[in-house]
Amino acid sequence: MTNQRLTGKKAEDVACSYLQRNGLVLVQRNYHCRYGEIDLIMRDSESLVFVEVRYRSSVNFGSAAESVDSNKQRKLVFTANHYLQKHPTSQPTRFDVVALSPQQEPEWIINAFMDS
């Protein structure tokens with residue numbers, strides 16, 4: 001496993017544990033399709049939550065949260081729609097971001113962006 005992949009897996013582990021401590025339940029990790037990947041799919045009460053985990057070791061090129069640009073959001077929406085076609089649900093869905101850096105606690109952004 002490359003250093004970058006190992007760092008990404010560790011960040012996902014931290015984010016998953018953090019969200020579970022805050023009441024979310026893990027449904028699936030690393031859902032892949034031709035459109036992209038969703039790091040974590042979780043359940044929060046009655047909602048299905050698609051979670052993007054971002055880690056930045058420094059803010060020299062912007063924060064971890066800022067790195068979820070419109071292109072990344074579009075890929076996440078396509079990937080989530082693919083997941084929902086395979087796993088239909090009547091539950092409401094949302095997109096959250098967990099931004100991580102060595103300097104601070106996890107930043108959990110609920111409803112970080114809308115499915116447009």
Side-chain angles (χ1 to χ4, degrees):
M1 188 177 282
T2 66
N3 240 6
Q4 189 174 10
R5 285 185 190 247
L6 188 58
T7 300
K9 184 182 178 335
K10 286 180 183 177
E12 287 174 9
D13 290 345
V14 168
C16 188
S17 294
Y18 176 81
L19 294 172
Q20 288 174 322
R21 284 192 310 273
N22 282 281
L24 277 69
V25 176
L26 180 64
V27 174
Q28 187 169 346
R29 282 182 77 145
N30 305 114
Y31 177 79
H32 290 84
C33 74
R34 64 183 177 178
Y35 301 114
E37 176 187 6
I38 295 176
D39 297 323
L40 303 170
I41 301 173
M42 304 191 84
R43 191 168 322 289
D44 184 12
S45 295
E46 298 302 316
S47 295
L48 188 64
V49 184
F50 299 102
V51 181
E52 176 66 8
V53 178
R54 299 303 260 198
Y55 175 82
R56 289 290 181 264
S57 59
S58 122
V59 294
N60 292 344
F61 299 103
S63 73
E66 292 170 332
S67 71
V68 185
D69 60 15
S70 60
N71 188 44
K72 182 62 178 176
Q73 291 175 21
R74 185 172 49 257
K75 287 180 182 180
L76 289 167
V77 169
F78 281 132
T79 306
N81 286 332
H82 187 271
Y83 176 87
L84 292 170
Q85 287 176 357
K86 301 277 185 189
H87 306 90
T89 183
S90 59
Q91 295 178 298
T93 60
R94 71 173 197 247
F95 294 90
D96 290 3
V97 171
V98 176
L100 302 167
S101 73
Q103 299 84 13
Q104 63 186 43
E105 289 294 310
E107 178 185 7
W108 178 16
I109 305 166
I110 299 170
N111 255 342
F113 59 93
M114 303 300 288
D115 177 2
S116 50

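The residues of the chain are indexed from 1 along the displayed sequence. Atom set for the values below is all heavy atoms of this structure, side chains included, hydrogens, waters and symmetry mates excluded.
How far SG of Cys16 is from CG of Asp39: 10.5 Å, rounded to the nearest 0.5 Å. Taking NZ of Lys10 as the reference point, atom OH of Tyr55 lies at 9.5 Å (rounded to 0.5 Å). Once rounded to the nearest 0.5 Å, the distance linking CG of Leu84 with NZ of Lys86 reads 12.5 Å. Remark: Glu37 CD to Thr79 OG1 distance equals 9.0 Å, nearest 0.5 Å. Interatomic distance, CG of Asp96 versus CG of Asn111, reported as 6.5 Å (0.5 Å rounding). Taking CG of Leu48 as the start and CE of Met42 as the end, the distance is 10.5 Å to the nearest 0.5 Å.
Under a cut-off of 6.0 angstrom, the local environment of CD in Glu46 is sparse, with at most 12 non-hydrogen atoms contributed by other residues, nucleotides or ligands.
Here the closest non-hydrogen pair linking Leu100 and Ala11 is CD1-O, 3.3 Å. Closest approach of Cys33 to His82, counting heavy atoms only: CB-ND1, 3.4 Å. When all heavy atoms are compared, the tightest approach of Leu40 to Glu12 is CD1-O, 4.3 Å. In this structure, Ala15 and Val53 approach most closely via the heavy-atom pair CB-CG2, 3.7 Å.
At least one side-chain heavy atom of Asp13 sits under 4.5 Å from a side-chain heavy atom of Arg29. For the pair Phe50/Leu76, no side-chain contact is recorded, criterion being any heavy-atom separation below 4.5 Å from C-beta on.
Remark: Asp69 does not engage Lys75 in a salt bridge, criterion side-chain N to carboxylate O under 4.0 Å.
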Problem - Derivation and outcome, side-chain contact (heavy atoms from CB on, under 4.5 Å), residues Leu24 and Trp108 - result: CA-CA 12 Å; Leu24 277 69; Trp108 178 16; 3.5 Å; yes

Practice task
Test Val27 against His87 for side-chain contact (heavy atoms from CB on, under 4.5 Å), laying out the working first.
Solution key: CA-CA 11 Å; Val27 174; His87 306 90; over 6 Å; no

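Both Val14 and Leu26 belong to a common hydrophobic cluster when Ile, Leu, Val, Met, Phe, Trp and Tyr are linked at side-chain heavy-atom distances under 4.5 angstrom. Both Val98 and Ile110 belong to a common hydrophobic cluster when Ile, Leu, Val, Met, Phe, Trp and Tyr are linked at side-chain heavy-atom distances under 4.5 angstrom. Hydrophobic cluster membership is shared by Ile38 and Ile109, with clusters built from Ile, Leu, Val, Met, Phe, Trp and Tyr side chains linked at under 4.5 angstrom.
Between Phe95 and Phe113, the two ring planes are parallel [angle under 30°; tilted spans 30° to 60°].
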